[in-house]
Amino acid sequence: MSEIIATDLSKQYGQGDAAAIALDQVSLRITTGEFLAVMGQSGSGKSTLLSILGALNTPTSGTLTVDDLNIYELNQDQRADFRREYLGFVFQSFHLLPYLNVLENVMIPLAVIAEPRKNKEKRALAVLAEMGLDKKARRLPSEISGGEQERVAIARAVVNDPPILLADEPTGNLDSKTAAEVMDLLARLNAKGRTVVMVTHSEEYARYAGRILRLADGRLLGKPD
Amino acid sequence: MNLNAIAIANIKRRKAKAAFVLTGLIIAVATVVTLLGLRQAVSANKLFQLEQYGANIVILPQSDTLALSYGGISLGSVSFDVRKIHEDELQQIYTIPYSQNIAALGPVVLGVVKAQGRNVLLAGMDFTAATVLRPWWRVVGTVPDFENQVLLGAEAARLLSLGPGDVLRVEANELTVSGILEPSGSQDDQLLFTPLRTAQRILDKEGLVSMAEVAALCHDCPIEDMVAYISMALPNTQVMAIQQVVESRFQAMDHFEKFAYGVSGVVIVVSGLMVLVSMMGNVRARASEIGVFRAIGYRRGHVMRIIFLEAGILSLAGGALGYLLGQVAVRLTLPLFIIGEMDESVLHHAAHGDPLLPVLPVLAIGLAVLVGLTASVYPALMASRMDPNEALRAI
């Protein structure tokens with residue numbers, strides 16, 4: 001179970017005349033194993049929503065609960081533990097560490113877990129094999145293609161086996177063929193029971209999701225598809 | 001993969017910045033090691049030199065005398081009440097704390113005598129102690145080994161026209177000249193020196209002494225304490241340290257120590273600032289990386305640990321290399337600071353003379369780690385407090 005319930009989430013940046021409302025009274029429920037796409041124009045609040053769902057950005061008001069855990073009532077360390085156990089992040093620009101090889105990048109989330117190195121390596125190699133990258137495990141990020149880097153980023157996001165995957169424009173920096181491969185990969189991960197929440201501009205890739213949320217000026221538009 | 005691996009990988013990646021931090025720590029540790037080593041060696045050498053100066057404590061009979069001399073011209077003195085020192089009393093000196101540090105005790109009896117029609121000052125002394133108390137003496141012939149022998153100061157010998165083997169009539173006594181002192185420029189040039197017993201008999205002061213000299217320079221006994229203890233042991237005497245010797249010893253060492261500690265302190269602060277600035281730049285340049293760490297579930301403590309591990313690894317290396325460089329620097333610069341011949345004992349003092357120095361490698365590495373970690377506290381806190389959302393958006 002990893003049901004996400006957001007209730008009246010609002011986020012305001014700045015104060016007084018300089019105040020900007022990024023998210024306005026957004027409520028939603030994401031059920032376990034769902035694939036949800038969040039769409040909207042630039043500045044519509046979709047990345048803010050994703051960061052709040054990812055326990056990275058404290059909302060100005062509203063609540064977020066995951067498995068009955070009120071996320072923003074947790075302290076910083078508890079929220080870090082929540083992210084480690086529940087969430088996997090896929091960033092638009094990959095954010096791989098250039099000085100670590102592919103295998104080491106995938107193992108980053110495991111670095112703070114008390115487990116023998118061999119086991120960690122075994123887990124990371126298994127995930128890389130799933131992504132078709134086990135042969136390139138010892139290469140640096142600069143030595144592989146953009147699509148492969150994205151797959152490494154996804155491997156890093158799932159190596160901890162989190163129930164929820166949050167992806168911010170995962171196809172934003174990829175050509176259409178590579179982007180389609182990445183979407184297939186996300187769909188496969190979802191098919192295995194993982195909840196996937198993906199922010200995208202692309203109608204084409206949003207169709208991989210079972211449900212699409214549309215945001216404009218920080219508000220949910222209409223009823224979810 | 002663990003946090004150590006991330007820290008080490010980052011050090012390897014940012015070699016120039018790591019080298020900058022390392023250089024700062026190496027310079028700091030090498031400077032401290034060099035100055036401590038030099039201080040120790042110079043101290044040993046200085047003490048050795050000062051020990052050549054002979055007596056540094058004099059014991060005089062207590063009196064209410066006012067000396068009437070100015071600019072080297074003596075006009076006598078006004079004595080009100082001069083007490084006597086009995087020779088036996090002097091043995092009390094060996095009962096004081098630090099007595100093991102007394103190198104020589106030289107009783108002296110003084111008096112004016114007629115020698116070949118001239119008034120001359122006669123000094124009776126223990127010539128065994130005299131070799132320690134007056135190491136600058138150079139004698140043509142020998143010092144008196146027996147009673148009724150006399151050693152002449154250079155000027156006295158010239159005025160009396162005597163040489164070794166000649167006989168000198170002093171009062172009603174005939175003394176054989178055993179040797180002549182080479183000119184020293186001191187008042188010794190004017191004197192006649194005989195064994196203590198001979199002088200006491202001639203001067204009719206048997207069992208009495210006019211003064212005593214003590215050589216007590218040592219590494220670990222404060223001279224003022226020794227003076228106080230001797231004064232307590234010999235209550236009817238005036239005990240004085242020869243301040244010129246004592247103060248020069250302490251002042252020279254004090255100045256060098258202050259200089260050494262001052263320079264060490266400044267270099268440590270500067271190297272700490274180098275580490276601070278470099279680590280802060282490192283943290284700022286890694287904002288996105290820290291954002292990723294935090295996003296995937298690293299606690300603030302984990303992020304701090306990465307920063308401290310990096311600083312710790314560099315500090316350990318800096319401490320070890322700084323210690324080695326310091327040892328080399330001590331050996332290279334020691335000849336510039338040593339007066340006279342530099343032997344192995346001086347080098348040994350540089351490395352082992354101080355109780356602290358045998359553990360110097362550990363202290364050097366400890367100092368580097370302390371400086372490195374202390375200077376990294378703020379950068380580590382800064383890294384741990386980075387808002388992961390802001391850090392990721394800042395890219």
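Chain letters run A, B, ... following the sequence lines, proteins first, then strands; residues in each count from 1.
Contacts of A:P98 with chain B are made by side-chain atoms alone, with heavy-atom separations under 4.5 Å and no backbone atom involved. If you measure heavy-atom distances from B:R286 to chain A, the contacts under 4.5 Å come from the side chain alone. For A:R79, no part lies near chain B; criterion is any non-hydrogen pair under 4.5 Å. There is no contact between B:N4 and chain A, counting heavy-atom distances below 4.5 Å.
At a threshold of 4.0 Å, the pair A:R138-A:E143 does not count as salt-bridged, since none of the basic side-chain nitrogens sits closer than that to a carboxylate oxygen. Salt-bridge annotation for A:K11 and A:D24: absent, with no side-chain N of the basic residue lying under 4.0 Å from a carboxylate O of the acidic one.
Under the 3.5 Å distance criterion, with hydrogens and angles disregarded, no donor-acceptor pair is assigned to the side chains of A:E169 and A:Y205. A donor and an acceptor atom, one from each side chain of B:E310 and B:N282, are located under 3.5 Å apart.
Contact check for B:L276 versus B:P379: side-chain heavy atoms found under the 4.5 Å cut-off.
Between A:F91 and A:F89, the ring planes are parallel. Angles under 30° get that label, and only those over 60° would be called perpendicular.
Note: A:I108 leads A:L100, A:L96, A:I108 in heavy-atom pairs under 4.5 Å with chain B. Options A:L97, A:L87, A:D168 differ in how many heavy-atom pairs under 4.5 Å they form with chain B, and the most are formed by A:L97. Ranked by heavy-atom pairs under 4.5 Å with chain A, the first of B:R13, B:R299, B:R305, B:R300 is B:R299.
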